[in-house]
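Data block below; observations after.
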Amino acid sequence: MSVLSQQFFQKDVLEVAPSLIGKCLVRKYANNTIRKFLITETEAYRGEEDLACHASKGRTKRTEIMYQKGGTIYIYLIYGMYWMLNIVTEKENIPQAVLIRGIENYNGPGKLTKALEINKSINGKTLCKRNGLWVEDYGIIPKITTATRIGINYAGKEWIEKPWRFILNE
DNA sequence: TCTCCGATTCACT
DNA sequence: GTGAATCGGAGAA
């Protein structure tokens, strides 16, 4: 087992997103309990030109986090009810992020953040043990299926059709 | 300040 | 298959 370094995330999101499949998301709760979850589904959001990406509107207070260097945690509230967990990729000033859509036993981004007790308090923090959330590599070589992204009908045909969702094959 | 709407989920017809 | 819940960010004025 090895803990993924910051360097792992400082690459193109299209490399990072599929390679996170089969890795282990580790959460240390407020009461020091530690739980590990296999990552089963991710999605890539890639830069200002990607109309499905929040950063397509340019650099704002909200998207500022995505311009940080890879390994930063981006938390975002959707529909006033659910927190989305993203991991920023690439170097500084390149707005890319991986959305964690699914983990073992929790199918759905809203459910997994609930299970992990994720909320805005860790927005902008770095992915590492000190902050209670990190990723471990157990050397699993997963079989990956690609698909189109979900919930981005506003982005237009060209971007809806990108096969930027990555799913672990059972 | 005010209005619009979303990287979702769940209950109900 | 359809619609409600619910709130912060972005853009308009």
Side-chain angles (χ1 to χ4, degrees), chain A residues 4 8-23 25 27 35 37-90 93-127 131 133-135 142 144-169:
Chain A
L4 295 189
F8 179 90
F9 298 98
Q10 290 172 24
K11 298 181 292 191
D12 193 292
V13 68
L14 294 180
E15 275 189 69
V16 178
S19 51
L20 277 176
I21 301 291
K23 297 290 191 293
L25 186 67
R27 171 63 165 158
R35 290 179 70 187
F37 305 90
L38 197 67
I39 298 174
T40 58
E41 191 173 345
T42 63
E43 271 182 26
Y45 287 86
R46 189 166 187 271
E48 293 176 353
E49 61 171 14
D50 178 0
L51 295 183
C53 181
H54 292 159
S56 66
K57 309 230 161 171
R59 194 165 187 153
T60 66
K61 192 174 178 185
R62 176 210 225 174
T63 61
E64 182 66 28
I65 303 290
M66 278 204 268
Y67 289 82
Q68 302 295 312
K69 63 177 189 243
T72 305
I73 301 166
Y74 172 43
I75 304 294
Y76 161 66
L77 182 68
I78 188 62
Y79 300 121
M81 310 182 77
Y82 298 101
W83 297 102
M84 301 285 118
L85 171 61
N86 301 254
I87 303 174
V88 176
T89 69
E90 265 288 4
N93 299 317
I94 304 178
Q96 299 186 352
V98 179
L99 168 66
I100 309 296
R101 280 197 72 84
I103 53 177
E104 200 176 16
N105 302 324
Y106 298 93
N107 198 9
K111 292 187 200 164
L112 81 85
T113 49
K114 197 175 169 189
L116 292 172
E117 294 179 13
I118 299 282
N119 57 52
K120 205 170 185 181
S121 67
I122 60 168
N123 190 27
K125 296 265 176 72
T126 301
L127 202 61
N131 288 325
L133 188 67
W134 68 98
V135 181
I144 296 173
T145 302
T146 58
T148 52
R149 293 178 288 180
I150 289 181
I152 57 163
N153 287 330
Y154 61 87
K157 189 162 181 281
E158 178 187 355
W159 297 103
I160 293 170
E161 291 177 350
K162 297 280 183 197
W164 287 354
R165 182 155 58 102
F166 305 95
I167 308 161
L168 177 68
N169 247 359

Just wondering, are more than 12 heavy atoms of other shown residues or ligands nearer than 6.0 Å to NZ in A/K11?
yes

When you compare the side chain of A/L85 with that of A/I75, does any pair of heavy atoms fall below 4.5 Å?
yes

Which string of ( ) [ ] | and . matches DNA chain C, if you list each base 5' to 3' and count Watson-Crick or G-U pairs only when both distances are under 3.5 Å?
|||||.||||||.

Between C/dG3 and B/dC5, how far apart are the two C1' atoms, rounded to whole Å?
15 Å

Please encode protein proximity along nucleotides 3-12 of chain B as a string of B, S and -, counting only heavy-atom distances under 4.0 Å.
---BBBSS--

Euclidean distance for P, B/dT13 against C/dA5 (whole angstrom)
15 Å

Looking at A/R149 and A/E43, is any side-chain nitrogen of the basic one under 4.0 Å from a carboxylate oxygen of the acidic one?
no

Taking the side chain as every heavy atom from C-beta outward, state whether A/K120 and A/L77 have any pair of such atoms under 4.5 Å apart.
no

C/dA12 C1' sits how many Å from A/K57 NZ, rounded?
13 Å

Pick base, sugar-phosphate or nothing for A/K120, based on heavy-atom distances below 4.0 Å to the nucleic acid.
sugar-phosphate

So does A/N119 have more than 12 non-hydrogen atoms from other groups sitting under 6.0 Å from CG?
yes

Judged by atom type as modelled, is there a donor-acceptor pair below 3.5 Å linking the side chain of A/E90 to the main-chain atoms of A/Q96?
no

Quick one: are A/W164 and A/Y45 in side-chain contact, heavy atoms under 4.5 Å?
no

Do the non-hydrogen side-chain atoms of A/L51 and A/I152 ever get within less than 4.5 Å of each other?
no

Report the distance from atom CH2 of A/W83 to atom C1' of C/dG9, rounded to the nearest whole Å.
12 Å

